[in-house]
Number of protein chains: 2
Amino acid sequence: MTTAASQRLPLSRERVLECAVALADESGIAALTIRTLAQSMGTKPMSLYYYVANKDEILDGIVDMVFSEIDLPAPHGEWREEMHRRAQAVRAALRRHPWAVGLMESRSAPGPATLRHHEATLATLRTAGFSIQLTAHAYALLDSYIYGFALQEAALPFEGRDTAAEITNPIMERFATGEYPHMVEIAVEHVLKPGYDFGDEFGFGLDLILDGLSRLAAGEG
Amino acid sequence: MTTAASQRLPLSRERVLECAVALADESGIAALTIRTLAQSMGTKPMSLYYYVANKDEILDGIVDMVFSEIDLPAPHGEWREEMHRRAQAVRAALRRHPWAVGLMESRSAPGPATLRHHEATLATLRTAGFSIQLTAHAYALLDSYIYGFALQEAALPFEGRDTAAEITNPIMERFATGEYPHMVEIAVEHVLKPGYDFGDEFGFGLDLILDGLSRLAAGEG
DNA sequence: TGACGCTACCGTACACTGTACTAAACCGCT
DNA sequence: AGCGGTTTAGTACAGTGTACGGTAGCGTCA
């Protein structure tokens, strides 16, 4: 009686979304099709439609799964510390799941985890004494920066420390014409230096933004 | 002799890309298929493949077309003014072509217009006396903010001034449970006020970032 | 006992996608 | 007139989301 069917976990909406995230992480969002997803779960395509209305719902669902991995900021903590931690946490999540950045543009129905995340962030700023206006400004600014940075990271053809050189060198040769001297300069003198990691640039911008907000918050409070 | 065929413009790579941009603007990037594109040009799908290797090349091409619409910054101008103008120009272009933001994540082969744009921007910062390190930091920061803002704008279900209210009101009713008090507060006291336009938030963050960079540049120079 | 409906799952079929392969039409040359 | 490269089309195929219609196993009730 130990058939494959009896051994495998029962289907559920949760499990469908978990497997969808895993599949997108491994093979990219383009490889996430109803058929491959069903196969990865040991089922047939149409079985999934019992738990999920359509593929769009899967896409909305996995974006919300990503938010559910992110620790919420503490509304009564020190705002700058909380915003710093949150920013790093969001970036880390988007790095683990690069497909999520591109997905956000097309999905407009936020899930419960997403809403909880937004709510906790707004609460932290308001509790710290930010005016409504400044809260809105700050949130738009911080999220724009975080998402934009994640977008650029996702677009990079290399990942992490040192690997830049291997990839970039062949490309650089096309630039030997001298048409792009400043790009070459930045590449040679900065990006191709050993130990370079684009991800390290994140902290610079984040601190600059938080410094600017500090100044404004002090002026308000 | 005035057949449809003789009247229509001759095909060319340029025209294929122009029509692709127009189609994506009108109907969204998902509607841009080889068949719909061919139909919009009054020809048959396979004819396009003479001018373009495959669909990926079309996608790379239209991203580059978007960059080609953006005025280059002047390397010898006042850097802050040039960066301000450039940021606004990029955002405006990404607003006209919202699909471009999502596309950037998946395309990693930059076209000539894209490269020229990067080169001119880097040149402006370096000419203004920014160190290599600060130039790299500043560029990553500015572009992250611009792209992230455009991403959020593209995800909004409404567009421009005032229309927020019409869309948001029905959604708000679901929040009447009191689970998200701060989101409701921001919505009621800020977003739903007459004259609100999310796009106006762009200037706030941009000025904050440029202020921060000014301080650092002054410290360097 | 047998009819019933509910849950969980699946097989088939259809319209649509990108594009490989093949063939035909066109056009400037000798 | 005929050749050869350039340009355009037709057909076909595998892969996509999913509508439609099952089926197998259950508990409930007459």
Side-chain angles (χ1 to χ4, degrees), chain A residues 1-24 26-63 99 102-103 105-109, chain B residues 1-24 26-63 99 102-103 105-109:
Chain A
M1 288 302 171
T2 56
T3 70
S6 69
Q7 277 179 339
R8 74 163 190 248
L9 293 170
L11 298 177
S12 72
R13 189 190 147 91
E14 272 291 298
R15 238 174 67 70
V16 169
L17 294 181
E18 278 166 23
C19 289
V21 168
L23 195 56
E26 282 167 35
S27 325
I29 192 69
L32 175 61
T33 73
I34 297 288
R35 283 172 230 258
T36 57
L37 179 55
Q39 194 171 8
S40 85
M41 304 183 69
T43 335
K44 299 301 162 85
M46 288 316 291
S47 306
L48 305 183
Y49 282 91
Y50 184 76
Y51 301 98
V52 144
N54 49 36
K55 188 171 177 183
D56 266 13
E57 208 175 285
I58 295 180
L59 297 179
D60 284 335
I62 60 178
V63 169
W99 42 264
L103 229 48
E105 178 223 19
S106 51
R107 322 275 93 217
S108 51
Chain B
M1 287 301 172
T2 57
T3 70
S6 69
Q7 276 181 339
R8 74 165 188 248
L9 293 171
L11 296 178
S12 73
R13 189 190 148 90
E14 272 290 299
R15 239 176 65 73
V16 169
L17 293 181
E18 277 166 24
C19 289
V21 168
L23 194 55
E26 281 168 34
S27 328
I29 191 70
L32 175 62
T33 74
I34 297 288
R35 283 172 227 257
T36 57
L37 179 55
Q39 193 171 8
S40 85
M41 303 184 68
T43 177
K44 298 296 161 87
M46 289 316 292
S47 306
L48 305 184
Y49 282 94
Y50 183 77
Y51 303 98
V52 144
N54 48 37
K55 188 172 177 182
D56 265 12
E57 209 176 283
I58 296 181
L59 297 180
D60 283 335
I62 59 177
V63 169
W99 41 265
L103 228 48
E105 179 223 20
S106 50
R107 322 276 93 217
S108 49

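Computation of the quantities below employed the complete heavy-atom set of this structure, encompassing side-chain atoms and omitting hydrogens, waters and symmetry-equivalent molecules. Below, chains carry the letters A, B, ... as their sequence lines are ordered, and counting in each starts from 1.
- Going from atom CG of A:Leu48 over to atom C1' of D:dT16 covers 14 Å, rounded to whole Å.
- Between B:Ser47 and D:dT7 there is no side-chain polar atom (N or O) within less than 4.0 angstrom of OP1 or OP2.
- A donor-acceptor pair under 3.5 Å links the side-chain atoms of A:Arg15 to the main chain of A:Pro10, judged by distance alone.
- B:Tyr51 is not listed as a side-chain neighbour of B:Leu17, based on a closest heavy-atom distance of 4.5 Å or more.
- For the OP1/OP2 pair of C:dT19 and a distance below 4.0 Å, the side-chain nitrogens and oxygens of B:Tyr49 include at least one atom meeting the criterion.
- The residue from B:Ile58, B:Val52, B:Thr43 that alone fulfils the side-chain contact (heavy atoms from CB on, under 4.5 Å) condition with B:Leu37 is B:Ile58.
- Distances from the side chain of B:Pro45 to the nucleotides D:dT7, C:dG11, C:dT19 place C:dT19 closest.
- With hydrogens and angles disregarded, a donor-acceptor distance shorter than 3.5 Å links the side chain of B:Asn54 to the backbone of B:Glu57.
- Nearest-nucleotide mapping onto DNA chain D: of A:Met46 and A:Thr36, the residue sitting toward the 5' end is A:Thr36.
- If you measure from atom CD1 of A:Ile29 to atom C1' of D:dT16, you get 14 Å, rounded to the nearest angstrom.
- The side chain of A:Lys55 contributes no N or O atom lying less than 4.0 Å from OP1 or OP2 of D:dT18.
- The CD1-C1' distance, from A:Ile34 to D:dA19, rounds to 13 Å in whole Å.
- Between A:Tyr50 atom OH and C:dC6 atom C1' there is a gap of 8 Å when expressed in whole angstrom units.
- In this model, no side-chain donor or acceptor of A:Arg35 finds a partner on the base of D:dG15 within 3.5 Å.
- Atom P of nucleotide C:dC16 and atom CG of B:Leu32 are separated by 17 Å, given to the nearest angstrom.
- Note on B:Thr33: a side-chain N or O is less than 4.0 Å away from OP1 or OP2 of C:dG18.
- The separation between B:Lys44 atom NZ and C:dA24 atom C1' is 14 Å, rounded to whole Å.
- Atom CD in B:Gln39 sits roughly 13 Å away from atom P in C:dG18 (whole-Å rounding).
- When the P atom of D:dA24 is taken as reference, atom CG of A:Leu11 falls 19 Å away, rounded to whole Å.
- The CZ atom of B:Arg35 sits 14.5 Å away from the OG atom of B:Ser40 when rounded to the nearest 0.5 Å.
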